[in-house]
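Both ligands and their constituent atoms are indexed starting at 1 by order of listing. The analysis underlying the following values was restricted to heavy atoms, covering all of them including side chains, and did not include hydrogens, waters or symmetry mates. Each residue takes its place number in the sequence, starting with 1.
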Amino acid sequence: MSTTTDLPPSAHWLNAMARRRSVPAAGLVEPGPDGPTLERLLELATRVPDHAMLTPWRFIVIEGDARSQLGARLPQAYRDANPQMDEAKREKFAGIMSRLFPAPVAVVVVSRPNRDTMIPVFEQELSAGAVCMNLLHAAHGLGFAGIWVTGWAATNEKALGLLGVGEDEKVAGIIHLGTAREAPAERPRPDARALTARWTPPD
Ligand SMILES: Cc1cc2nc3c(=O)[nH]c(=O)nc-3n(C[C@H](O)[C@H](O)[C@H](O)COP(=O)(O)O)c2cc1C
């Protein structure tokens, strides 16, 4: 792959956007972003459109020992959430829950819409999604890799309680961050032209 150091700044940016790929959490290894770097990433992540400047999102960082401490507690949350499930199946999935945070750092992007405003909740949730995407791009820009996931830990009441997500909040995404063990292969991309119509006045 050719280097991009001779490209003008905008080309660097576009090139990075064109190349970014997600890497599964299990494929994210050390080094992850250290304290100051993560702070910088989160600062960049918050530079999103936000109708009426409501800041309808916040972060929960899971790093260091907190990963194994959370991993030790998630299986019981899974058992508590599924009391009727066949025991063998429940234990299998409970085991999976203990390994949900393998990457060096995970950032839970929490959507916390303000309901005392005219701004629709949907718009505020979209802003939280933009935070997730900004975080991925910023991490990629600093040479890290990541992935945006949700899944059981992001949606189940017991798991949300354990994470510290409030009842009036939702998880927009769990962004796992680290260094890609292997460079990810490209995947098929949608054809933007096939998804695009030009508006014309109705007859
Ligand atoms: C809101 C949201 C939730 C997602 N949840 C998961 C998930 O739980 N597990 C997963 O493997 N991918 C999930 N994905 C998909 C990945 O983030 C990603 O789109 C996919 O791996 C393709 O990677 P790309 O960024 O290289 O196109 C989710 C994507 C979004 C937008």
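- Considering only heavy atoms from C-beta on, L41 stays 4.5 Å or farther from E43 through its side chain.
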**Request:** Apply the test side chain to side chain contact (heavy atoms under 4.5 Å, CB included) to residues R79 and F93: give CA-CA distance (whole Å), side-chain angles for both, the deciding distance (0.1 Å), then the verdict.
**Result:** CA-CA 9 Å; R79 290 183 196 106; F93 285 109; over 6 Å; no
**Message:** For L42 and F59: C-alpha separation, side-chain torsions, deciding distance, then whether side chain to side chain contact (heavy atoms under 4.5 Å, CB included) applies.
**Reply:** CA-CA 8 Å; L42 297 182; F59 302 113; 4.1 Å; yes
Listed pairs under 3.5 Å, donor-acceptor, residues 104-113 side chains, sequence neighbours left out:
residue, atom, partner, partner atom, Å
R112, NE, T55, O, 3.4
R112, NE, W57, O, 3.3
R112, NH2, T55, O, 3.3

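- Within 4.0 Å of ligand 1, heavy atoms belong to protein residues R20, R21, S22, I147, W148, V149, T150, G151, R187, R189.
- Side-chain contact of N114 with T117: a donor-acceptor pair under 3.5 Å is absent, judged by distance alone.
- Between R19 and E186 there is no salt bridge, since no side-chain nitrogen of the basic residue lies less than 4.0 Å from a carboxylate oxygen of the acidic one.
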